Amino acid sequence: MDLTKMQKEVCKKYGVIYSPPSLEMKVGLSLNLTGIVYPINGLRHPIKDETTGWYIWAGEFSDDPNFFLPIHVKHLVEMCPHVIKYLALPPGWRFLVADQYEDVWEDRDQLKID
């Protein structure tokens with residue numbers, strides 16, 4: 001299925017503005033997403049410079065400063081294709097997916113990041 005179409009369907013389902021990132025922008029991706037570890041979490045802060053605002057991780061969150069690596073969206077398509085459909089959700093939104101489970105919600109606290 002066309003990724004743009006999937007992203008638009010997700011945004012329509014949740015009644016939000018379609019806000020896709022450029023393929024050249026970066027997301028913060030945890031290293032443990034190279035395999036399938038559930039749950040997979042994503043949250044979007046405001047867009048800043050060359051970053052989408054997205055931070056995506058699997059399993060337990062860590063405060064380790066090296067927990068997230070900057071990855072271009074175009075590489076995320078290959079590394080973690082099952083989260084691409086959520087990337088057009090606007091800043092202030094989150095998702096959590098696991099095997100046969102999906103939760104998507106607005107979290108305005110993500111907009112208050114300095």
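Given the structure is predicted, the values throughout are model-derived calculations rather than measurements. The first residue of the sequence shown is numbered 1, and numbering continues consecutively from there. All values below come from the heavy atoms of this structure, side chains included, with hydrogens, waters and symmetry mates left out.
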Separation of [Y] [atom2] from [X] [atom1] (nearest 0.5 Å):
X    : Y    : atom1 : atom2 : value
D2   : E9   : CG    : CD    : 9.5 Å
K112 : D109 : NZ    : CG    : 4.5 Å
L3   : K5   : CG    : NZ    : 12.0 Å
I56  : L87  : CD1   : CG    : 5.0 Å
M25  : I71  : CE    : CD1   : 15.0 Å
R94  : L96  : CZ    : CG    : 8.5 Å

* Asked: Please walk me through it: do W93 and Y14 pass side chain to side chain contact (heavy atoms under 4.5 Å, CB included)?
  -> CA-CA 10 Å; W93 281 78; Y14 295 100; 4.1 Å; yes
Atom of [X], atom of [Y] and distance for their closest heavy-atom approach:
X   : Y    : result
L23 : H72  : O-CB, 3.9 Å
T4  : Y18  : CG2-OH, 3.3 Å
V16 : P90  : CG2-CD, 3.5 Å
P46 : L111 : CG-O, 3.9 Å

Using the rule that two of Ile, Leu, Val, Met, Phe, Trp, Tyr join whenever any of their side-chain heavy atoms come within less than 4.5 Å, decide whether [X] and [Y] are in one cluster.
X   : Y   : result
L29 : F61 : no
V27 : W57 : no
L43 : V83 : no
I47 : L89 : no

Give a yes or no on whether the backbone of [Y] and the side-chain of [X] come within a donor-acceptor separation of less than 3.5 Å.
X   : Y   : result
S19 : I17 : yes
T52 : K26 : yes
D49 : T51 : no
Q7  : I84 : yes

* Which is it for Y55 and Q110 under the side chain to side chain donor-acceptor pair (under 3.5 Å) test, yes or no, and what are the steps along the way? -> CA-CA 11 Å; Y55 289 87; Q110 301 312 314; over 6 Å; no
* Between E106 and R44, does at least one N-O distance fall below 4.0 Å, as a salt bridge requires? ->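 Salt bridge absent between E106 and R44.
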* Asked: So does E102 have more than 12 non-hydrogen atoms from other groups sitting under 6.0 Å from CD?
  ->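 Yes, CD of E102 has more than 12 neighbouring heavy atoms, counting only those of other groups under 6.0 Å.
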* Asked: Taking the six-membered ring for Trp, are Y86 and F95 parallel (under 30°), tilted (30 to 60°) or perpendicular (over 60°)?
  ->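 Correct class here is parallel.
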* To do: Would you check if the distance from the ring center of Y101 to the ring center of Y38 is below 6.0 Å?
  =>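 No, the ring centres sit 6.0 Å or more apart.
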* Asked: Between F68 and W54, is the ring centre distance below 6.0 Å?
  ->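 No, they do not, as the ring centres are separated by 6.0 Å or more.
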